[in-house]
Amino acid sequence: MCRHLAYLGEPATLASLVLEPEHGLLAQSYAPADMRGGGTINADGHGTGWYPPGSTTPVRVRSASPLWSDTSYAALAGTTTSGAVLAAVRSATVGMPVTATAAAPFTDGRWLFSHNGVVRGWPESLADAAAALPVTDLMTLDAPTDAALLWAVVRRGLADGADPADLLARVCADTERTAPGSRLNLLLTDGTTIWATAWRHALAVRVGPGCVTVASEPTHAFPDWTRVPDRHLVVARPGHHESHDLVLQRQFGVW
């Protein structure tokens, strides 16, 4: 079911965000605390995207190896600094490939994206969503996985000018309609704002002075983490976050 994290704030090393916290993504790769029956470890790859100082276009590294065994990433993470990061560790759904290109984050232009969860009935349940995409979008999928297809849908919506919060809400609702019971924690950033959904899976937010972290699981035992309720969407910026009830918003026609 994977685990992911996004951070915005003062520049920090990738190691301090991903590897060093007592329950950071490194710990969550071999000892996750809240998988909710979706596997026991996250050993099927990892990835990190970050925005270099002064750049609006992220850099990304991905691997099919477990995070705990990737010594080259540890060396990179200790010397790379950024104020905007999205990282993930992967637990592949049975039948889906274990390759570097299947690991989040996915990226296009200024965007970084991750999916923590599973689409039930894949691939038939997303056939209509795939059919609505341009053929070239399907030809350039990173991998034949549910997460990569969801990213293609999100990427097309962003290219068409959709509001990110509105778009993620609609993708969750549309996917739930054709693939009921799916887990759809989506995480998106452009380096200035984080958008995230909690849909049948764990999500938490920590806001500090001039920073914010959104993660599948709290990375520290600090008391200032806020658990995000199910079927909610988070919009977060350094020092601030807001949460929206996706079901209520849908009922009143907002999304």
Side-chain angles (χ1 to χ4, degrees), residues 1-9 17-18 23-25 28 32 34-36 38 42 47-51 58 83-90 103-108 110-119 146-147 150-151 153-155 157-158 162-176 182-208 211-219 224-250 254-255:
M1 289 294 180
C2 312
R3 306 278 81 183
H4 56 206
L5 170 150
Y7 166 84
L8 299 175
L17 299 172
V18 177
H23 193 64
L25 286 183
Q28 292 177 39
D34 195 0
M35 293 286 278
R36 305 192 180 187
N42 296 283
T48 302
W50 68 94
Y51 296 78
V85 176
L86 192 156
V89 291
R90 182 172 184 244
F106 302 99
T107 186
D108 184 63
R110 72 182 191 273
W111 300 101
L112 290 169
F113 173 84
S114 175
H115 167 225
N116 167 204
V118 62
V119 174
D146 52 358
L150 288 175
W151 165 234
V153 174
V154 171
R155 180 178 63 183
L158 293 170
D163 174 78
D166 184 12
L167 176 60
L168 294 190
R170 287 191 285 109
V171 169
C172 286
D174 291 347
T175 304
E176 177 66 19
S182 295
R183 295 188 177 188
L184 301 167
N185 278 28
L186 310 181
L187 184 61
L188 177 72
T189 187
D190 62 355
T192 63
T193 304
I194 297 168
W195 298 267
T197 60
W199 195 284
R200 291 199 182 91
H201 221 328
L203 192 70
V205 180
R206 181 173 185 254
V207 175
C211 66
V212 64
T213 303
V214 179
S216 298
E217 301 177 12
T219 59
D224 53 352
W225 283 93
T226 299
R227 299 281 186 172
V228 179
D230 190 34
R231 312 296 178 92
H232 277 65
L233 180 142
V234 170
V235 181
R237 299 179 182 87
H240 171 77
H241 90 279
E242 56 192 53
S243 180
H244 303 273
D245 187 322
L246 291 171
V247 175
L248 187 64
Q249 298 281 6
R250 192 75 174 181
V254 178
W255 289 317

Indicate the atoms forming the closest heavy-atom contact of [X] with [Y], along with that distance.
X	Y	result
Pro164	Leu158	CG-CD2, 4.2 Å
Ala162	Leu167	CB-CB, 4.1 Å
Ala84	Gly191	CB-O, 3.6 Å
Pro105	Gly49	CG-N, 3.6 Å
Ser114	His4	OG-ND1, 2.9 Å
Leu112	Leu86	O-CD1, 3.8 Å

| query | Which residues satisfy the side chain to side chain donor-acceptor pair (under 3.5 Å) test with Thr192, sequence neighbours excluded? | reply | Asp190
| With sequence neighbours left out, what residues match Arg237 under side chain to side chain donor-acceptor pair (under 3.5 Å)? | Thr193
| request: Taking atom types as modelled, find out whether Asn116 and Arg3 have a side-chain donor-acceptor pair closer than 3.5 angstrom. | output: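 Per modelled atom types, Asn116 and Arg3 side chains form a pair under 3.5 Å.
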To the nearest 0.5 Å, what is the distance between [atom1] ([X]) and [atom2] ([Y])?
X	Y	atom1	atom2	answer
Glu217	Leu25	CD	CG	9.0 Å
Thr189	Arg110	OG1	CZ	10.0 Å
Cys2	His201	SG	NE2	8.0 Å
Leu8	Cys211	CG	SG	9.5 Å
Thr197	Leu186	OG1	CG	3.5 Å
His232	Asp245	NE2	CG	4.0 Å

Using the test side chain to side chain contact (heavy atoms under 4.5 Å, CB included), find all partners of [X] that sit at least two apart in sequence or belong to another chain.
X	answer
Leu17	Tyr7, Ala12, Val85
Ala236	Ile194, Val212, Val214, Val234, His241
Ala103	Arg62

Which residues share a salt bridge (charged side-chain N to carboxylate O under 4.0 Å, His left out) with [X], sequence neighbours left out:
X	answer
Arg206	Asp224
Arg200	Glu176
Arg36	Asp34

| field | ring pair (Phe, Tyr, Trp, His ring centres under 6.0 Å) involving Trp111 - partner list, sequence neighbours excluded | value |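 Testing Trp111 for ring pair (Phe, Tyr, Trp, His ring centres under 6.0 Å), a comparison that skips the adjacent residues, returns Trp195.
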| Contacts of type ring pair (Phe, Tyr, Trp, His ring centres under 6.0 Å), residue Tyr51, not counting sequence neighbours |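 Testing Tyr51 for ring pair (Phe, Tyr, Trp, His ring centres under 6.0 Å), a comparison that skips the adjacent residues, returns none.
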| message | Given the ring of Trp199, does Arg231 sit roughly above its face, with NZ or CZ under 6.0 Å from the centre of the six-membered ring and within 45° of the axis? | response |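 Yes, cation above the ring, under 6.0 Å and within 45°.
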| message | Any heavy-atom pair between the side chains of Val207 and His240 that's under 4.5 Å? | response | no
| Please walk me through it: do Asn42 and Arg90 pass side chain to side chain contact (heavy atoms under 4.5 Å, CB included)? | CA-CA 5 Å; Asn42 296 283; Arg90 182 172 184 244; over 6 Å; no
| task | Indicate the ring-plane relationship of Trp151 and Phe113, choosing parallel, tilted or perpendicular according to the 30° and 60° boundaries. | result | parallel
| task | Check step by step if side chain to side chain contact (heavy atoms under 4.5 Å, CB included) holds for Leu150 and Leu184. | result | CA-CA 10 Å; Leu150 288 175; Leu184 301 167; 4.1 Å; yes
